[in-house]
Amino acid sequence: MTLRTRFAPSPTGFLHIGGARTALFCHLHTRRNQGTFILRVEDTDTERSTQAAVDVIVEGLNWLGLTPDEGPYFQSHHTARYLEVVQQMLAAGHAYPCVCSRERLDALREGQRATGDKPRYDGRCRDLNLSVGDQPHVIRFKTPRAGETLWEDQIQGPIRISNGELDDLILVRSDGSPTYNLAVAVDDHDMGITLVIRGEDHISNTPRQIHLFRAMGWEVPEYAHMPLLHGSDGAKLSKRHGAVSVLQFREEGFLPSALNNYLARLGWSHGEQEIFTREELEQRFDVRQLGRSASIFDRAKLLWINGHHIRAATPEQLLPELAFQLARLGIDPPPPPEQLAAILPEFQSRAATLVEMAQKCRFLFIDSVLPYEEKAARKHLTQAARAPLAALAAHLETLPEWTTTAIDTAFQHTLTTFGLSMGQLAQPLRVVLTGSGASPGILETLWMLGREKSLARLKEGDDFLASQNG
Ligand code: GLU
């Protein structure tokens with residue numbers, strides 16, 4: 001039997017990292033087992049579901065490289081099928097119409113609360129064989145009253161829930177719309193899902209869905225309920241813990257490979273290894289190896305993993321993200337990919353995020369770095385630097401080629417002529433070229449900037465010093 005899994009988000013908000021982790025685990029487990037990964041949008045809640053939410057979920061999955069093999073399918077397109085299944089259940093005596101009024105149900109619940117009982121439907125209409133005509137009614141499932149429902153969860157181990165805990169689930173609301181558990185069970189069957197991987201907050205739905213499968217005589221899929229993701233304070237991860245939308249992690253300069261690596265390691269391990277490429281995860285990850293305790297989201301560790309992935313990344317992996325960050329800094333359209341690829345090695349080893357990387361290389365792509373950072377200019381850009389900088393500029397202009405070796409000749413020559421230490425020339429030069437006191441090696445900085453821009457900035461620096469003089 002070939003494995004078929006699905007990721008089934010409700011489009012009521014962004015794709016948060018808990019959801020992304022579920023999608024990642026489905027995807028990785030499916031890859032390793034040569035199965036099919038399906039995306040199903042659970043948009044039966046028409047009031048809260050929006051197309052905008054569908055779009056950001058798909059965008060988030062694409063960014064993470066978790067594109068489905070099939071889908072997206074939309075539950076809102078399957079209403080007729082859900083209702084057809086309910087007709088079959090009615091005909092077979094597995095479901096019944098219920099005409100109990102809201103007032104009666106409210107009173108029932110009140111009474112149960114007062115006596116400390118769990119609020120539940122008492123089954124008054126269950127065996128009445130009602131013929132409802134056009135009377136307002138819902139359709140309920142005849143939940144078996146005795147026995148228990150048992151499944152061997154691939155993560156949690158055996159789970160048993162007594163059927164007496166469950167009441168008669170509503171399958172169709174009084175407005176004729178199908179309910180959530182019905183839609184999930186029918187789709188899981190119709191889509192041939194063999195393994196349901198989802199958060200453990202769904203464990204309470206599972207016996208209900210298993211009952212629906214059995215009533216229809218369908219084969220019950222296997223289940224794997226994943227432990228949830230918590231914030232550092234131990235509470236379920238939510239907005240107040242900071243970035244939780246996947247696309248916000250993109251904005252904050254994380255690589256998708258790093259986020260995947262980090263999320264995969266939450267609850268799963270492979271020996272002592274911390275850094276995994278996507279290929280390694282696809283070969284090694286198995287949902288059955290997941291631990292059972294909740295995982296804590298740890299931003300410092302994510303940053304550390306991100307640094308590793310940035311250093312190991314190929315230009316193909318980095319360029320789209322760097323261009324995205326540069327655009328956010330106003331460099332739009334982005335510089336040509338060849339130009340970006342040439343400068344990458346200078347910045348790759350120094351940045352923990354792509355935001356940092358973009359900030360550090362921004363000076364290369366803007367027209368002017370004025371005004372200079374005040375502190376750096378005050379410290380390094382003194383009148384004593386003016387003559388050496390001018391001499392260096394004149395020398396650079398005449399170099400036969402623009403290589404770091406050639407640039408070094410001019411640089412050393414200037415040092416000797418003026419009797420300067422390396423820093424006495426490099427620091428003022430750095431301010432003039434980059435606007436700040438920090439950059440990659442000074443020769444590399446000149447080289448990356450190119451002759452034309454370097455000379456223009458030296459001229460700007462000279463004008464600046466002239467204006468300061470006197
Ligand atoms: N739509 C549900 C959710 O977003 C998932 C249901 C399932 O995986 O069965 O929580």
Side-chain angles (χ1 to χ4, degrees), residues 3-30 35-58 60-61 64 66 68 70-79 82 85 149 151 153-156 159 161 166 169 171 177-213 218 220-230 236-239 244-246 263 287 290 294:
L3 177 78
R4 288 172 67 84
T5 64
R6 84 299 192 280
F7 175 53
S10 305
T12 55
F14 48 68
L15 177 65
H16 57 85
I17 53 168
R21 179 161 156 267
T22 307
L24 175 70
F25 286 6
C26 284
H27 181 90
L28 294 177
H29 188 82
T30 310
T36 304
F37 170 59
I38 295 162
L39 174 60
R40 180 172 81 217
V41 176
E42 306 213 311
D43 55 351
T44 47
D45 182 344
T46 47
E47 305 228 312
R48 292 174 62 224
S49 302
T50 64
Q51 184 57 42
V54 174
D55 294 343
V56 288
I57 289 170
V58 170
L61 289 175
L64 287 169
L66 304 177
E70 276 182 31
Y73 297 116
F74 292 86
Q75 287 195 320
S76 58
H77 299 172
H78 302 165
T79 311
Y82 305 144
V85 168
T149 303
W151 76 96
D153 197 279
Q154 294 204 0
I155 297 170
Q156 311 282 336
I159 299 187
I161 294 178
L166 311 168
L169 180 74
L171 299 173
S177 63
T179 58
Y180 167 73
N181 280 298
L182 170 69
V184 170
V186 173
D187 277 340
D188 282 344
H189 167 72
D190 287 0
M191 295 175 185
I193 302 302
T194 60
L195 173 62
V196 173
I197 301 174
R198 60 185 172 199
E200 67 182 12
D201 47 341
H202 285 286
I203 286 180
S204 61
N205 287 321
T206 304
R208 303 177 191 282
Q209 293 169 14
I210 290 177
H211 285 145
L212 301 183
F213 272 88
W218 295 335
V220 179
E222 299 214 60
Y223 292 91
H225 287 95
M226 306 169 24
L228 301 182
L229 202 48
H230 289 182
K236 194 176 157 192
L237 200 69
S238 73
K239 259 193 186 154
V244 284
S245 154
V246 162
L263 291 175
V287 88
L290 273 179

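Atoms within each ligand, like the ligands themselves, are counted from 1 in listed order.
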### Query
Can a donor-acceptor pair be found between the side chains of Asn181 and Gln209 at a distance below 3.5 Å?
yes
### Whether Tyr223 and His225 hold their rings parallel, tilted or perpendicular, with breakpoints at 30° and 60°
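Rings of Tyr223 and His225: parallel, as their planes differ by under 30°.
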### Query
Angle class for the Trp218/His189 ring planes (parallel below 30°, perpendicular above 60°, tilted otherwise)?
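Taking His189 first and then Trp218, their aromatic rings lie parallel (interplane angle under 30°).
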### Summary
Within 4.0 Å of some non-hydrogen atom of Glu42, the atoms of ligand 1 are 1 (N), 2 (C), 5 (C), 6 (C)
### Under 4.0 Å to a heavy atom of Ser10 - the qualifying atoms of ligand 1, by number
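Once the distances to Ser10 are compared, the set is 1 (N), 2 (C), 3 (C), 4 (O).
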### Task
Show the numbers, then the answer: is there a side-chain contact (heavy atoms from CB on, under 4.5 Å) between Asp188 and Val196?
CA-CA 8 Å; Asp188 282 344; Val196 173; 3.6 Å; yes
### Query
When you look at Thr179 and Tyr82, which way does the side-chain contact (heavy atoms from CB on, under 4.5 Å) test go after all the steps?
CA-CA 9 Å; Thr179 58; Tyr82 305 144; over 6 Å; no
### Query
So, do His16 and Phe14 sit near enough that their side-chain heavy atoms are less than 4.5 Å apart?
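Yes - at least one pair of side-chain heavy atoms lies under 4.5 Å apart.
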#### Entry: ligand 1 contacted by Tyr180 (non-hydrogen, < 4.0 Å)
yes
### Message
Contact between ligand 1 and Arg6 is defined here as a heavy atom of the residue under 4.0 Å from a ligand atom; is it met?
### Response
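Right, Arg6 reaches ligand 1.
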### Message
Give me the residue, atom name and distance of the protein heavy atom closest to atom 5 (C) of ligand 1.
### Response
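Here the nearest protein heavy atom works out to Ala8 O, 3.3 Å.
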### Query
Quick one: nearest non-hydrogen protein atom to atom 10 (O) of ligand 1, plus distance?
His202 NE2, 2.9 Å
### Sub-3.5 Å N/O-N/O distance, Arg40 and ligand 1
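No, no N or O pair falls under 3.5 Å.
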#### Entry: Heteroatom proximity flag, Val184 to ligand 1, N/O under 3.5 Å
no
